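Taking it in order: structure first as structure tokens, then the write-up.
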Amino acid sequence: MKDRIKYDPYNLIITGVGGQGNVMASRVLGNIFSAKGYTVTIGETFGASQRGGSVMSHLRISSESVLSPQIAKGQAHLIVALEPTEALRVLSGYGNENVKILCNKRPIYSGGVISGEQTYPEMDQLQEWICEYAGEVWFIDATDEALSRMKNPIFGNIIMLGALAATGSVPLEREDFEAVIEKSLPESKIGINLEAYDLGYAMIAEN
Amino acid sequence: MNILSTGEKGSRHLLMGNEAIARGALEGGISVAAGYPGTPSSEIIESLAKISKDHHLYVEWSTNEKVAMEVAAAASFARLRSICVLKQNGLNVASDFLLHLAGSGVRGGMVIIPCDDPGALSSINEGDTRHFARLLEIPLLEPGDFQEAKDMTKWALELSEELQTVIMMRSVTRLSHASGSVVLGDLPEFGAKAEFRHEGFLLDPNEGIVSSAPVEIKHSQQQEKVKKAVEKFETSPFNTYTGPESPELLVITSSACNLYSREAINILDVKDRVGILKLGTTWPLPEKLVAEHLKKCEKILIVEEVIPFMEENLKMLAQELAPQIGQKTLMGKRDGYLPMVNELNPDLVINAISKILGIEYQAVPEEYATGTLQKTFFGAPVREWIFCPGCPHRASYWSINQVLKLDNNQGFVCGDIGCYTIGTLPSGFSTLKTLHSMGSGTGIASGFGKLKPFGMKQPVLSVCGDSTFFHAAMPALVNAVHNKSDITMVVLDNSGTAMTGFQPHPGLEANAEGNDAIKLDIKSVCESMGAYVKESDPFDLDNTREVLFEMLEKKDGVKVLILRQICALSPEKKGKKMFEMAVDESRCKGEKCGCNRLCTRIFRCPGLFWNKEKGTSKIDEAICAGCGICSEICPIGAISKKEVTQ
């Protein structure tokens, strides 16, 4: 293991809303760290949650053993949020004052918000709250970038993985990503996923 | 490349629990796997179906779980090894056959794998299937991590064949749908030959007939097999103890709770005070092994999901052992240290252990916990389940609701399990008024439809999906037709078992392995039963409403409306828009319109939201699936659709 994780186990949560590619992102990351020789455990909440519900993947990266597929309260080291209110929700369960957060700013409205029974917070307010309860925070427009540059919002999750690499929070290199998607995706999809990864990387690295 | 198929002995891989079980079944030399889709179990059959050709397997999505069990049992009777996979609801469906199979015994190794859903993450119950093991008197195994999920499947097949009894191996969502490191074993040579021997002495287990009668003899034989299983359990490597020689507290646990317990002990840093007896063989309990560990200390905490199953069995055993080992204090669910409902997690176990040991534990400072909780309450609206953008069910329920409201006779709809269960919620316009098991909507409707002599005047409707139609709604429909019950059954046909990941069913032309299959036409089936049948495209709102009205007016007898439109998440449709949608902001009058934002307030499609600043509705282009229905419901035509040329 050439690259070291900063804590052992390292507890990473990927959160979002059903349909955002949460599960795919957690599989790719899990396979990357598994290939590096770590023992990875992933706990996932999906199924009915795909129907507009909150989706959460708990990734545990350890040099030793398989761990609980659910992280204990307050034990997250890093939260990757594909939707900003989901970042807040995860903070209240698993956050702590040192937790790092990488957050996509594009809102997905719940049924109650669409109908007017609930209110979605103002983005400035939401960002302020997230910052108040985290150690280090990066906000990016991953979905907007996927829509404008790649004409498909589904690449938002891969843009987030590129951005994650650029934060330097976990040992993650472009070649790690490439090696894993080469095994799991058809050849025709490799280039476009690398493009999304690079876009995300640049969004953090160039700021 | 498929790791399950090509992964070499000794190689280590990150596998989902369900993939580990599938590999274990391969290593255990199965020839047949059957099941019915149900979260969290579906990936076991799916994984095996993908590689069936390479491993000479027959893999089937059966019509329902009872038939799946019978298909798997037939393989066993023909001396092949088999598994049957289902979720907790499915074991109820299969239980009638199982009670007989437990008595008749098996020949080739046969393992039933129910995947329970503690916390009902993808269910409308959290039934604990372990009770079936005791009811049926068959051995029960529970893997405690991902490696065990694989290894135990293989061992269970061998044990089943050796003892000639069916064995149950129970998984849970947090193992089946979680992933962890697994070292692979050897794959056996295949080439098992199927032969059913039936001409020997009546009671010969290998040559006679296969039956649970004569009951007294077969029941005694069955209990002997269970006793032999317990002897094996006493020395099983799946039962392990970790901890000090004389702990202050002994945790007895199984399944995913093993991982939660280990986490709790690590976080509380009490490795030198608390021991863990992890049991992989949970019914019947290995008495000598348990006695050996109960001796170690006075206080015992049992950590399990959902119902206190092990706790009750352990308490009974501890009472019998009391003269030898003394009276022990067994804690768990019955005294409230752990909850009787919902899934467990590391924090609940931390809470129980810290209470027993008198340790103060706080995950995060009080102000952080309350601060984030408050901000979440105000800033993160709870997400209810909602139909996907482009879902045909939203359109179907829209029409059903409108017709029932206009009909104004307090008509109601009985439902069952599938994506269309969302019909109970506001996002399904609160259309469903009863919700139970597969096919129950139509069975209940059949009963309601016979209550006219008791003064009931309300129109009765039921809904069921296409897969559910074949699974359990057909007998209910037969009942309704035969007994002249006055109901309207609406089949929401979206061409697949959508809720669980779009598995095929008997109404489609391909089977689980992707081979050609005979397609049964729902319309012809209903007509041959004698129902009055019509079809409509739910996206054609006008026609659907018209047909529904006609059916409500047509008194007496069974009417069936098949609403056919393929699921928005199906491989054929996913990511492809039929229409480019847009809201004309100059025409949308928003809250000033008589409709009072009908499109967002009631219709609730994730792809269409209310733009507060502009006071109009707006299409979310990242989410909209382009089905075009919202343009039909806007009373002033402010939502336009433009056909997309593919």
Side-chain angles (χ1 to χ4, degrees), chain A residues 17 19 27 30-31 34 39-54 66-75 85-86 88-89 91-93 95-97 106 108-121 125-126 129 132-133 143 146-147 152-154 156 183, chain B residues 1 13-14 39-40 121-123 145-147 173-175 177-181 256 259-260 262-264 267 345-347 350 363-364 368-369 371-373 375-376 378-388 419 422 426-427 499 575 597 600-602 604-606 608-610 620-623:
Chain A
V17 178
R27 292 267 167 82
N31 283 324
S34 188
T39 302
V40 175
T41 313
I42 308 175
E44 267 156 344
T45 306
F46 64 93
S49 324
Q50 281 176 326
R51 314 291 177 254
S54 307
V66 160
L67 295 155
S68 157
Q70 294 193 72
I71 296 172
K73 286 219 155 49
Q75 302 274 326
T85 59
E86 293 310 313
L88 197 57
R89 202 186 313 279
L91 272 180
S92 88
N96 56 72
E97 54 195 12
R106 176 85 175 206
I108 292 182
Y109 301 123
S110 62
V113 169
I114 288 166
S115 71
E117 290 150 24
Q118 298 169 326
T119 313
Y120 196 92
Q125 179 73 80
L126 188 52
W129 285 337
E132 189 182 342
Y133 292 99
T143 306
L147 267 173
N152 192 342
I154 198 60
K183 281 187 192 163
Chain B
M1 190 191 79
H13 302 274
L14 179 62
T39 312
L121 300 167
S122 297
S123 308
D145 62 29
F146 309 95
Q147 183 71 45
T173 303
R174 297 295 183 184
L175 283 178
H177 271 186
S179 305
S181 215
L259 298 171
Y260 305 152
R262 273 164 44 180
E263 188 87 13
I267 288 175
N345 57 43
D347 296 288
I350 288 173
V364 286
Y368 187 92
T372 49
L373 196 65
K375 296 296 189 291
T376 301
F378 293 116
V382 173
R383 293 182 191 277
E384 64 176 29
W385 291 350
I386 186 167
F387 289 122
C388 304
C419 291
I422 295 176
S427 47
M499 178 105 233
R597 324 192 273 108
T600 51
R601 184 173 53 92
I602 308 291
R604 290 183 193 230
C605 175
L608 183 67
F609 66 100
W610 182 245
D620 186 333
E621 55 173 326
I623 296 174

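Numbered from 1 within each chain, the chains take letters A, B, ... in sequence-line order. What you see is a predicted model; the values in this text were computed from it and never measured.
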Contact check, side chains of B/R604 and A/E117, non-hydrogen atoms, under 4.5 Å
yes
I'd like to verify something: which residue of B/S427, B/P381, B/C419, B/A369 has the highest number of heavy-atom pairs under 4.5 Å with chain A?
B/P381
Among A/G30, A/G95, A/G93, A/G74, residue most engaged with chain B (heavy-atom pairs, under 4.5 Å)
A/G95
Is chain B contacted by the side chain of A/L88, its backbone, both, or neither, given a heavy-atom distance below 4.5 Å?
both
Where on B/L14 is there a heavy atom nearer than 4.5 Å to chain A: the side chain, the backbone, both, or neither?
both
Would you say B/W610 and A/Y109 make side-chain contact, with heavy atoms under 4.5 Å?
no
CD (A/E97) with more than 12 external heavy atoms under 6.0 Å:
no
Would you indicate whether the side-chain heavy atoms of A/T41 and B/F146 approach each other to under 4.5 Å?
yes
Smallest heavy-atom separation, A/L147 atom then B/A622 atom, equals CD1-CB, 3.8 Å
Rounded distance (nearest 0.5 Å) linking atom CD1 of B/I267 with atom OG of A/S68:
8.0 Å
Would a distance-only check, ignoring hydrogens and angles, find a side-chain to backbone donor-acceptor pair under 3.5 Å from B/D347 to A/K73?
yes
Which heavy-atom pair separates A/S54 from B/R383 by the least distance, and what is that distance?
OG-CD, 3.7 Å
Going through the checks in order, is the side chain to side chain contact (heavy atoms under 4.5 Å, CB included) test met by B/E263 and A/L67?
CA-CA 7 Å; B/E263 188 87 13; A/L67 295 155; 4.1 Å; yes
Side chain proximity check, A/P69 to B/L259, heavy atoms < 4.5 angstrom:
yes
A/E44/B/R174 salt bridge by N-O under 4.0 Å criterion
no
Tell me whether B/R601 contacts the main-chain N or O of A/S115 through its side chain, where contact means a donor paired with an acceptor under 3.5 Å.
no
Please report the C-alpha distance between B/T376 and A/L91 in whole Å, then the side-chain angles of each, then the deciding distance to 0.1 Å, and finally whether the side chain to side chain contact (heavy atoms under 4.5 Å, CB included) criterion is met.
CA-CA 8 Å; B/T376 301; A/L91 272 180; 5.9 Å; no
Select one option (side chain, backbone, both, neither) describing which atoms of A/Q118 are under 4.5 Å from chain B's heavy atoms.
side chain
Can you check whether B/N345 reaches A/I71 side chain to side chain, under 4.5 Å on heavy atoms?
no
Take B/D620 and A/R106 through the side chain to side chain contact (heavy atoms under 4.5 Å, CB included) test and state the conclusion after the steps.
CA-CA 11 Å; B/D620 186 333; A/R106 176 85 175 206; 2.7 Å; yes
Just give me the residue among A/G116, A/A72, A/P153 that pairs up with chain B most often, heavy atom to heavy atom, under 4.5 Å.
A/A72
Worked check of side chain to side chain contact (heavy atoms under 4.5 Å, CB included) between B/K375 and A/E132:
CA-CA 10 Å; B/K375 296 296 189 291; A/E132 189 182 342; 3.9 Å; yes
Choice from A/T143, A/I154, A/N31, A/N152 maximising heavy atom contacts with chain B below 4.5 Å:
A/N31
For chain A, find which of B/S179, B/A178, B/P606, B/P40 contributes the most heavy-atom pairs closer than 4.5 angstrom.
B/S179
Checked A/G112, A/G111, A/G43 vs chain B; the most non-hydrogen pairs under 4.5 Å come from A/G111
Identify which part of B/Y368 has an atom lying under 4.5 Å from any heavy atom of chain A, answering side chain, backbone, both or neither.
both
For A/I114 versus B/L608, what's the shortest heavy-atom pair and its separation?
CG2-O, 3.3 Å
Look at B/G371, B/C605, B/G180, B/A363 and state which one has the largest set of heavy-atom pairs under 4.5 Å with chain A.
B/G371
Where on A/V113 is there a heavy atom nearer than 4.5 Å to chain B: the side chain, the backbone, both, or neither?
side chain
